[in-house]
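What follows is a short report on a single structure.
FYI, side chains are in, hydrogens and waters are out, and symmetry mates aren't considered; it's all heavy atoms of this structure.
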Amino acid sequence: MLGKGLWLAVCAVILLGTPATAGTIAFVAPTPNTWVGRSDHLVLKLNNPEITAVRINVNGVVGDMLAISSPEYRKAFQDFLIVQPLWDQGRNEVSVEAYAGKERVETAVASVYYAPGRDGATVPPEFKPFVFHVADTESRCAGCHNMEPSPAQLLSTQERENPCFGCHRGMLKVAFVHGPAGTYSCVYCHKEKASPKYSVPKRDSALCVECHEDKSTDFAKRKYVHGPIAGGMCEVCHDPHGSANRAQLRMPINTLCLSCHEAVARRPHILRTPSGEGHPVSGRKDPSASASGRDMSCISCHNPHAADVRYFFVNNAEERMALCQMCHNK
């Protein structure tokens with residue numbers, strides 16, 4: 001087993017490319033001094049046929065020795081090593097030690113910054129966004145991956161035909177997948193002719209309303225619009241590909257709400273019960289939506305998008321007791 005930093009992902013992929021200078025470990029993805037928003041792959045090209053094993057250290061957590069000298073491994077991966085990183089949020093110092101038998105023959109280091117779900121605004125300026133789809137990097141993969149797919153291939157909803165699936169399928173291994181991602185409709189949002197290649201020319205509401213126009217129309221009718229919605233910042237709360245949470249939320253509902261509304265968690269909510277606690281907002285079934293079977297959360301009472309009343313009450317009633325009577329109707 002590798003330590004906290006990394007665990008080996010035996011990917012059924014062969015990476016080929018123009019050999020680099022012998023004895024020089026190359027960080028193919030991500031490259032040194034770049035930042036990433038997802039924990040996808042760490043790809044190394046070893047460039048030395050004598051290397052038999054590699055050990056990876058991330059932020060002082062040392063992984064197990066990874067043997068790469070077997071004929072089966074060489075046939076599949078040649079001199080590439082592909083691992084799936086579990087980056088720590090923030091700066092990650094990566095050290096790669098390469099061994100020939102028991103002798104350490106080389107050490108390579110790199111810094112990678114991990115900002116999950118962020119747009120890079122909080123990333124230190126010395127870290128540039130990592131971009132995979134550039135000519136030099138794509139050339140290393142072109143031996144086995146189709147780096148010049150046809151429009152029909154890019155639009156294919158079949159796993160084996162769609163060129164994106166091979167490397168990006170990991171982001172679909174979540175409980176709640178956004179529709180376009182689930183059908184491999186990647187190029188609806190990611191454009192081949194964009195700069196950089198396959199980037200998203202439109203972000204947040206400018207893109208989302210192309211499909212969710214009904215939501216935008218409804219929000220515009222409301223007297224009160226939640227701040228992120230008013231700012232068109234859909235991706236602050238929703239992952240456009242998928243997540244472990246309903247509605248592709250980036251965090252569980254209450255965790256997400258409290259990430260901005262921190263003060264709410266510091267005092268009893270709404271009232272103080274004889275036990276000294278506030279109104280429950282978790283740990284019980286939601287009586288206002290019993291058919292759904294969901295637990296109570298912030299959205300049991302508050303609409304996270306827009307409403308006609310202050311505090312975004314879900315029933316849009318000015319009288320607060322009317323909200324209480326949704327559950328306490330005796």
Side-chain angles (χ1 to χ4, degrees), residues 3-6 20-21 24-45 56-63 81-97 106-141 167-168 170-171 186 189-208 227-241 243 249-251 255-256 258-262:
K4 177 183 176 184
L6 299 161
T21 304
T24 303
I25 298 173
F27 285 80
V28 177
T31 48
N33 301 317
T34 59
W35 74 268
V36 293
R38 303 186 70 93
S39 219
D40 293 325
H41 301 99
L42 171 62
V43 182
L44 305 169
K45 193 173 191 303
I56 301 173
N57 178 326
V58 177
N59 292 335
V61 179
V62 182
L81 177 65
I82 308 168
V83 297
Q84 182 172 351
L86 296 177
W87 302 119
D88 292 329
Q89 188 165 321
R91 184 186 297 265
N92 290 264
E93 301 298 339
V94 187
S95 173
V96 180
E97 297 178 344
E106 187 179 355
T107 300
V109 297
S111 295
V112 176
Y113 199 94
Y114 179 46
R118 300 182 183 177
D119 61 4
T122 60
V123 176
E126 63 266 29
F127 292 93
K128 306 304 179 185
F130 171 66
V131 179
F132 177 85
H133 287 286
V134 295
D136 180 62
T137 306
E138 283 193 342
S139 68
R140 299 175 183 268
C141 307
C167 291
H168 299 291
M171 67 176 62
C186 309
C189 302
H190 298 268
K191 304 301 181 183
E192 184 180 15
K193 301 302 182 181
S195 181
K197 186 178 180 181
Y198 295 126
S199 60
V200 182
K202 297 180 183 179
R203 297 296 299 267
D204 286 301
S205 63
L207 178 61
C208 300
I229 303 301
M233 299 184 292
C234 308
E235 293 181 53
V236 167
C237 298
H238 300 277
D239 188 305
H241 300 107
S243 79
L249 292 178
R250 294 191 179 276
M251 308 175 198
T255 305
L256 181 63
L258 293 175
S259 67
C260 289
H261 301 282
E262 297 175 350

Determine the minimum heavy-atom distance between [X] and [Y], stating which atoms define it.
X: Trp87; Y: Val94; result: CZ3-CG2, 3.6 Å
X: Thr122; Y: Tyr113; result: O-OH, 4.2 Å
X: Phe27; Y: Leu42; result: CD2-CD1, 4.1 Å
X: Lys202; Y: Val200; result: O-CG1, 2.6 Å

Looking at [X] and [Y], would you say the former's side chain and the latter's main chain have a donor-acceptor pair under 3.5 Å?
X: Ser199; Y: Ala194; value: no
X: Thr31; Y: Val28; value: no
X: Thr137; Y: Val134; value: no
X: Arg250; Y: Glu235; value: yes
X: Ser39; Y: Pro85; value: yes

If you round to the nearest 0.5 Å, how far is [atom2] of [Y] from [atom1] of [X]?
X: Asp204; Y: His238; atom1: CG; atom2: NE2; answer: 10.5 Å
X: Asn59; Y: Asp88; atom1: CG; atom2: CG; answer: 5.0 Å
X: Met171; Y: Asp40; atom1: CE; atom2: CG; answer: 5.5 Å
X: Glu126; Y: Arg91; atom1: CD; atom2: CZ; answer: 5.0 Å
X: Tyr114; Y: Arg38; atom1: OH; atom2: CZ; answer: 8.0 Å
X: Cys167; Y: Phe132; atom1: SG; atom2: CZ; answer: 6.0 Å

Using the side-chain contact (heavy atoms from CB on, under 4.5 Å) rule, take Leu81 and Ile56 through it: C-alpha gap first, then chi angles, then the decisive distance, then the call. CA-CA 11 Å; Leu81 177 65; Ile56 301 173; 4.1 Å; yes

Assess the residue pair Leu207 and Cys189 against the criterion (side-chain contact (heavy atoms from CB on, under 4.5 Å)); give the C-alpha distance rounded to whole Å, side-chain angles, the decisive distance to 0.1 Å, and a yes or no. CA-CA 8 Å; Leu207 178 61; Cys189 302; 3.6 Å; yes

With no hydrogens and no angle check, do the side chains of Glu93 and Ser111 hold a donor and an acceptor under 3.5 Å apart? yes

Distance only, no hydrogens: is a donor on one side chain within 3.5 Å (strictly under) of an acceptor on the other, for Glu138 and His133? yes

Residue pair Lys128, Trp35: steps toward the side-chain contact (heavy atoms from CB on, under 4.5 Å) verdict: CA-CA 6 Å; Lys128 306 304 179 185; Trp35 74 268; 5.7 Å; no

Go through it in stages, so that I can follow the logic: the residues are Val96 and Thr107, the test is side-chain contact (heavy atoms from CB on, under 4.5 Å), and I'd like the CA-CA distance, side-chain angles, deciding distance and then a yes or no. CA-CA 5 Å; Val96 180; Thr107 300; over 6 Å; no

